[in-house]
Amino acid sequence: MRTWFIGPWELSSATAILPASPREGRVLLVESTGKGAALPWHRWKLVLVLSALRHLKAELEAQGFVVDHRVAPSYAEGIRAHLAEHAPEAVTVQAPAEWGIAQSIAALARQEARVRLEPDRRFLTSREWFAGWAKGRKLLRMEDFYRQQRRRLGILVDGNGDPVGGQWNLDRENRESAKALRAHGLPAAPVAFPHDEITRKVIRLVDGMPGHWGSTAGFDLPVTRAQALAALDDFVAHRLADFGPYEDAMLAGETYLYHSRLSAAMNVGLLHPREIADRAVAAWERGVAGTGPAVPLQSLEGFVRQVIGWREYVNGIYWLAMPDYRARNYFGFSRPLPQLFWEPERTDLACVRDSVRMVRDTAYAHHIHRLMVLCNFANLTLTDPRRLSDWFWAAFADAMEWVELPNVVGMGTFGDGGLLASKPYVSSAAYLQRMSDYCGGCRYDPKRRTGEGACPFNYLYWSFLDDVRRGGFDVGQRMALVLKQLEKLPAAELAAMRAEREAFLASLAPDASGWTFAHDQG
Ligand code: FAD
């Protein structure tokens with residue numbers, strides 16, 4: 001008899017490695033207490049993983065599989081205990097999605113020949129292919145990778161390998177403001193999934209776990225393959241068409257807007273990126289053929305780029321740059337995470353407060369909240385990128401290290417010195433005022449750079465740029481223009497802004513969560 005181990009990154013019989021017939025062997029599912037205690041995981045995330053795992057167990061048993069469902073200190077320990085008890089001739093494991101788990105299972109495989117590792121097939125791009133693509137390149141830019149992906153996978157390309165519509169990237173047509181989004185109107189909320197007995201039981205379990213962030217209240221993420229497919233259909237039918245133009249806008253109190261909200265389901269393996277891209281393209285094709293509602297190419301292309309471009313690219317960067325990537329800190333920032341990341345009521349900055357509240361209440365915020373509010377704020381307050389990355393990993397339902405780390409240390413903070421991003425994504429209040437409606441309800445004035453009521457994003461931003469200039473940091477050509485603007489600032493104003501920054505930094509209470517993060521636990 002053989003065994004197939006299914007990790008928390010492949011919790012669907014459609015995406016896991018499984019034998020063709022239940023008669024060929026057992027399935028092993030492990031709940032790792034070490035992983036559960038490694039970080040103050042958001043309670044929604046715990047419910048998601050545990051409920052999806054237990055639903056998969058029920059589904060497999062209904063199909064006739066014998067499932068060994070264990071609770072163990074780590075995934076490797078769970079496999080070891082299974083080997084001792086059932087003595088299978090082999091345990092097949094799909095390559096784990098995270099560095100720490102991959103290391104512990106690789107160590108087990110070195111001691112125990114019956115543990116066999118198979119390549120990761122939950123992505124469209126193998127780690128080896130990405131390494132080959134990256135080899136010898138001076139710059140690893142997502143845009144170059146994305147074009148290769150389109151050609152290689154035959155997605156939105158014509159017979160000559162050229163982009164459908166003539167351009168690879170239609171982002172120039174996107175980026176509508178918050179005002180334009182408000183005028184356009186909002187879609188209905190994404191489809192929500194009622195709890196069955198399995199989820200109710202998991203919620204009771206998670207409610208009793210001490211020390212985790214957020215609450216289980218309102219949990220409505222898909223936890224089965226059928227629910228995840230329903231969530232995908234709901235997005236394609238109701239939000240895909242307007243995804244592109246409004247993907248960067250933020251509205252106070254509005255969480256999902258035209259975003260897909262599919263990342264959590266994808267990252268636990270309930271959906272495969274190929275089927276997501278294919279369903280989106282099929283909807284666009286129906287629109288073109290006149291057999292379905294129109295989906296503008298700018299929205300389709302923008303969405304496909306996230307799924308087959310960004311998602312695959314950050315996974316490739318992660319496996320290329322680990323384990324050193326965790327310690328990257330280009331600017332040498334050492335300040336602790338501000339406690340307001342756990343307690344949003346500590347800040348009067350409406351955009352920061354609302355974004356943290358959103359994460360606390362839903363384990364979600366869309367990419368501009370993550371990039372231009374949360375990371376921007378952390379970077380401008382000189383926060384250690386590793387502490388910030390730990391917060392992201394714990395706080396979001398969709399966070400696994402392979403995806404949060406490159407996004408935070410690479411894209412969000414420029415901590416990797418430009419391996420991933422072509423510039424630091426920092427901004428003053430002007431960007432936030434255009435792309436959100438927070439400033440109207442905020443006690444700070446986005447137009448003021450210094451003095452009473454000045455928005456901290458302004459003096460923090462200019463002080464940051466001044467640090468970049470003084471430190472001689474290489475932040476790429478795209479920053480050249482703003483660094484030039486810095487030179488035009490009167491010295492007295494810059495000095496005043498730097499003084500205000502010092503006072504602001506001194507007012508920030510440091511992280512008091514008391515968590516020491518056990519990165520490789522699990
Ligand atoms: P949509 O906006 O609808 O996008 C569609 C899909 O594209 C997403 O579901 C996701 O699978 C993929 N995608 C888009 N952008 C990225 C990206 N930069 N990296 C990887 N996949 C992407 N995504 C995660 O899945 N987990 C994380 O822990 C995570 N941390 C992030 C941290 C920061 C600082 C930033 C800037 C981005 C992060 N992202 C992360 C990427 C992105 O913000 C989320 O994937 C997205 O907001 C999830 O919401 P959605 O499903 O509604 O996505």
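Both ligands and their constituent atoms are indexed starting at 1 by order of listing.
In this structure, the ring of F235 has its center less than 6.0 angstrom from the ring center of F303.
The side-chain hydrogen bond (donor to acceptor under 3.5 Å, both in side chains) check on Y313 picks up nothing, with sequence neighbours excluded.
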What does the contact table look like for ligand 1 (nitrogen or oxygen on each side, cut-off under 3.5 Å)?
| unit_1 | atom_1 | unit_2 | atom_2 | d |
| --- | --- | --- | --- | --- |
| ligand 1 | 2 (O) | H259 | ND1 | 2.7 |
| ligand 1 | 3 (O) | S260 | N | 2.8 |
| ligand 1 | 3 (O) | S260 | OG | 2.7 |
| ligand 1 | 9 (O) | S263 | N | 3.3 |
| ligand 1 | 15 (N) | Q306 | OE1 | 3.2 |
| ligand 1 | 18 (N) | N407 | OD1 | 2.9 |
| ligand 1 | 19 (N) | N407 | ND2 | 3.0 |
| ligand 1 | 25 (O) | N267 | ND2 | 2.9 |
| ligand 1 | 26 (N) | D398 | O | 3.0 |
| ligand 1 | 26 (N) | D398 | OD1 | 3.0 |
| ligand 1 | 28 (O) | D398 | OD1 | 3.4 |
| ligand 1 | 30 (N) | R370 | NH1 | 3.4 |
| ligand 1 | 49 (O) | Y364 | OH | 3.3 |
| ligand 1 | 51 (O) | S260 | OG | 3.3 |
| ligand 1 | 51 (O) | R261 | N | 3.4 |
| ligand 1 | 51 (O) | L262 | N | 2.9 |
| ligand 1 | 51 (O) | S263 | N | 3.0 |
| ligand 1 | 51 (O) | S263 | OG | 3.4 |
| ligand 1 | 52 (O) | S260 | N | 3.3 |
| ligand 1 | 52 (O) | R261 | N | 2.7 |
| ligand 1 | 52 (O) | Y364 | OH | 2.7 |

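The salt bridge (Lys or Arg N to Asp or Glu O under 4.0 Å) pairs that include a residue from residues 365-380 are R370-D398, where partners are two or more places apart or lie in different chains. Under the salt bridge (Lys or Arg N to Asp or Glu O under 4.0 Å) criterion, the residue pairs touching residues 121-133 are D120-R122, D120-R127, with sequence neighbours excluded.
A cation-pi arrangement is found for R152 relative to W129, the charged atom lying closer than 6.0 Å to the ring centre and inside a 45° cone about the ring normal.
The only member of V409, T413, D474 that meets side chain to side chain contact (heavy atoms under 4.5 Å, CB included) when paired with Y330 is D474.
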